[in-house]
Amino acid sequence: MEEFNGLKVIEEFEAMTKDAERIQSETLVMILKENGSAEYLQSLGLNGRSDPESYKARVPLVSHKDLEPHIRRIADGDSSPILTGNPITTISLSSGTTQGKPKFVPFNNKLMETTVQVYKTSFAFRNREFPIGKGKALQLIYSSKQFKTKGGLAAGTVTTNVFSSPQYKTTMKAIQSASCSPDEVTFGPDFHQSLYCHLLCGLIFCDEIQLISSTFAHSILLAFETFERVWEELCSDIRNGVLSDRITVPTIRTAMSKLLRPNPELADLVYERCMGLSTNWCGLIPEIFPNVKYIYGIMTGSMEPYLKKLRHYAGEVPLLSADYGASEGWIAVNVNPRLPPELATFVVLPNIGYFEFLPLIEKCTKDKEQDKTEPTFHGIDSKPVGLTEVKVGEEYEMVVTNFAGLYRYRLGDVVKVMGFYNSSPELKFVCRSNLLLNINIDKNTEKDLQLAVEEAAKHLAEEKLEVVDYTSLVELSMGPGHYVIFWELNGEGSEAVLSECCNCLDKSFADAGYVTSRKVNTIGALELRILRRGTFQKVLEHFLALGGAVSQFKTPRCVGPANNVVLQILSNNVVKSYFSTAFQ
Ligand code: AMP
């Protein structure tokens with residue numbers, strides 16, 4: 001096995017980012033050469049041209065919806081060159097939590113290679129700052145249900161496609177601590193059972209664990225919230241060397257039986273460590289895993305609301321935010337792992353795809369008759385710019401051309417350019433681009449909602465409560481439309497505090513369009529609906545049933561008509577609701 005050489009990886013990264021423009025052009029040439037015979041490109045009349053100008057002139061910007069008929073043909077078994085020169089044999093399922101259902105996205109070896117490059121680069125920078133010794137990793141990862149499409153193609157979430165690939169396994173073996181869990185646990189068919197066994201494996205090797213990781217931070221939180229409930233059962237399994245009968249999957253039972261031996265000393269040790277913690281489990285991670293160096297996973301964007309709770313468990317252990325990518329392909333790497341997740345940026349790797357950036361422009365016009373300032377809102381300018389043409393401080397929607405049949409594909413993410421690393425931009429993830437809350441002239445994004453929730457949640461502190469998770473809805477069925485915010489709390493709040501939170505939410509949407517509309521009541525009073533404990537767990541289960549994986553789950557921050565089932569789950573679990581009196 002080739003030994004991992006972090007310095008060499010960093011040198012290559014330096015060279016590549018210094019020459020980003022040339023490498024982008026070469027990458028485009030490579031993508032178009034490899035896929036020149038694809039029906040899609042042929043029909044656009046590129047005729048072998050592969051320069052950026054001809055490409056942009058001939059190939060339209062598309063969204064997933066535009067490509068769906070082509071992807072459908074591939075999934076149904078048509079192996080002619082439709083989107084790519086070589087036939088696609090694997091389909092990835094994007095988490096689809098923002099759209100309501102998973103989307104099919106083509107996956108191939110080239111995407112696998114770029115994934116490995118991203119992991120290696122990111123690890124080289126991470127390991128330079130936080131070297132990890134010999135030991136094990138508690139990897140809280142789960143596969144999705146894998147199935148065959150109508151045409152017989154393998155389909156699963158991209159994390160499943162990646163984790164099950166031999167190439168990934170070989171690379172990861174060379175560069176990082178081995179997972180403490182056997183494959184049967186990671187690839188088990190029931191995530192509750194896998195989660196329990198991940199925790200059990202973590203405890204069996206508790207003094208060897210060097211890092212704790214997952215794809216998205218949500219899974220780490222889910223694991224330690226579960227730990228709070230099942231730790232005594234875990235201790236008892238270790239004491240007796242007998243696996244809990246909650247584990248029913250035979251492959252998992254067999255794999256775990258190879259690890260589990262009666263070990264009363266270890267059980268006592270874990271028990272003592274748990275008893276040494278305060279009742280709110282503050283500092284749980286370093287107490288149980290004293291040699292853990294860091295916690296690693298995507299912690300930006302829709303994961304930010306979970307940071308507070310994660311820090312509560314992590315104590316002094318650093319949180320390192322992972323890279324930026326999607327089922328459609330990786331985009332950028334976190335090369336400054338020391339920055340806290342709130343400040344994390346990602347440097348685009350110029351050879352893993354061809355990237356364009358659609359400027360989002362802030363428009364602010366005057367309503368002359370009333371002499372009132374109209375709302376500031378995001379509009380999309382029609383001309384995307386190239387990787388090295390972006391401007392620092394500006395926001396853009398990402399447009400991706402990858403090695404697996406996506407050409408000028410609007411990813412639906414908004415990023416902000418924070419600077420340049422050599423000549424490649426450093427991006428901050430802002431939010432999904434689909435506008436969230438909009439009734440008339442108001443426009444509030446996922447980020448605006450997050451800020452409003454953070455502001456309002458401060459009022460919960462007096463009752464030692466926290467928002468476990470949240471989402472929103474535009475309610476148009478009665479009177480003027482109004483915003484509905486759903487909160488799941490970790491306890492019961494008083495009427496007074498929750499009314500205050502509701503008013504605060506209403507006042508915290510600072511967008512001028514919202515404020516103006518609220519004042520003249522063209523948008524009705526904001527409504528805060530409190531959910532029964534465990535409601536978001538039900539939402540998660542719903543996405544798993546659709547073929548999603550816990551590893552890729554992101555709570556939908558706005559529930560639109562496409563998310564009917566989620567709306568039903570939420571509606572069935574409302575225990576109380578409050579209307580704002582803020583603008584009366
Ligand atoms: P999926 O749809 O499951 O493929 O997830 C991909 C999406 O997750 C991206 O389009 C982003 O919206 C989000 N995402 C991926 N990486 C990050 C990151 N580092 N920070 C914030 N959001 C991310």
Side-chain angles (χ1 to χ4, degrees), residues 63-64 91-107 111 114-115 118-119 121-122 126 141-144 155-163 213-219 296-307 319-337 339-349 352-353 355 395-400 402 404 406 409-416 418 426-434 436 445-447 450 540 543-544 546-558:
S63 63
H64 187 270
I91 294 286
S92 291
L93 261 82
S94 82
S95 59
T97 33
T98 42
Q99 287 84 15
K101 63 174 179 3
K103 291 177 296 192
F104 277 13
V105 180
F107 182 82
L111 285 196
T114 57
T115 303
V118 165
Y119 284 177
T121 310
S122 162
R126 199 159 68 247
I141 54 180
Y142 311 86
S143 79
S144 63
T157 55
V158 71
T159 39
T160 309
N161 292 336
V162 168
F163 297 147
S213 68
S214 76
T215 313
F216 286 94
H218 177 267
S219 308
Y296 180 66
I298 293 174
M299 298 176 186
T300 36
S302 63
M303 297 295 129
E304 264 181 52
Y306 308 123
L307 285 173
L319 303 183
L320 273 54
S321 199
D323 312 302
Y324 171 40
S327 305
E328 289 85 346
W330 283 100
I331 295 164
V333 179
N334 179 2
V335 299
N336 292 306
L339 287 178
E342 289 86 347
L343 301 178
T345 56
F346 310 99
V347 180
V348 180
L349 271 175
I352 58 175
F355 301 107
E395 291 188 358
Y396 300 89
E397 184 189 330
M398 286 295 315
V399 177
V400 174
N402 75 4
L406 303 182
Y409 173 98
R410 291 176 62 169
L411 191 58
D413 286 343
V414 176
V415 294
K416 183 172 183 176
M418 305 305 285
E426 274 187 274
L427 309 176
K428 186 171 170 58
F429 182 89
V430 179
C431 59
R432 296 286 300 164
S433 64
N434 41 355
L436 265 175
T445 67
E446 185 179 339
K447 190 78 196 169
Q450 183 193 328
L540 166 68
F543 280 104
L544 297 188
L546 291 179
V550 182
S551 296
Q552 265 171 264
F553 178 73
K554 300 161 208 80
T555 297
R557 296 293 177 209
C558 184

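Atoms within a ligand are numbered from 1 in the order they appear, just like the ligands themselves. Atoms considered below: every heavy atom in the structure, side chains included; atoms not considered: hydrogens, waters and symmetry mates.
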Using a strict 4.0 Å cut-off to heavy atoms of Arg432, name the atoms of ligand 1 that fall inside it. 10 (O), 12 (O)

Logged contact type for Lys554 with ligand 1, heavy-atom cut-off 4.0 Å, is side chain

Between ligand 1 and Val158, can you find any atom pair, the residue atom being a heavy atom, that is separated by under 4.0 Å? no

Examine ligand 1 and decide if any of its atoms is less than 4.0 Å from a heavy atom belonging to Met398. no

Taking Arg432 as the fixed residue, which of Lys447, Lys554, Glu446, Arg557 is the one that meets the side chain to side chain contact (heavy atoms under 4.5 Å, CB included) rule? Glu446

Candidate with minimal heavy-atom separation from atom 22 (N) of ligand 1, of Trp330, Phe429, Tyr324, Phe216: Phe429

Should you measure from each heavy atom of Asp323, which atoms of ligand 1 turn up under 4.0 Å away? 16 (N), 18 (C), 19 (N)

What are the two closest heavy atoms between Gln552 and Thr159, and how far apart are they? OE1-OG1, 2.8 Å

Under 4.0 Å from any heavy atom of Ser327, which atoms of ligand 1 are there? 1 (P), 3 (O), 4 (O)

For Ile352 and Ile331, which heavy atoms make the closest approach, and how far apart are they? CD1-O, 3.6 Å

If you count heavy atoms of other groups shown closer than 6.0 angstrom to NZ of Lys428, is the number above 12? yes

Would you tell me which option among Gly329, Ala326, Ala332, Ala322 has the nearest heavy-atom contact to atom 6 (C) of ligand 1? Ala326

How does Asp413 reach ligand 1, if at all, at less than 4.0 Å between non-hydrogen atoms: by side chain, backbone, both, or neither? side chain

Ser321 and Asn334: which non-hydrogen atoms are nearest, and at how many Å? O-ND2, 2.6 Å

Can you label the angle between the His64 ring and the Tyr409 ring as parallel, tilted or perpendicular, going by 30° and 60°? perpendicular

Would you check whether Gln552 has a nitrogen or oxygen atom less than 3.5 angstrom from a nitrogen or oxygen atom of ligand 1? yes

Taking only residues two or more places apart in sequence or in another chain, which ones pass side chain to side chain contact (heavy atoms under 4.5 Å, CB included) with Tyr296? Ser122, Arg126, Ser213, Tyr294, Leu320, Ala322, Asp323

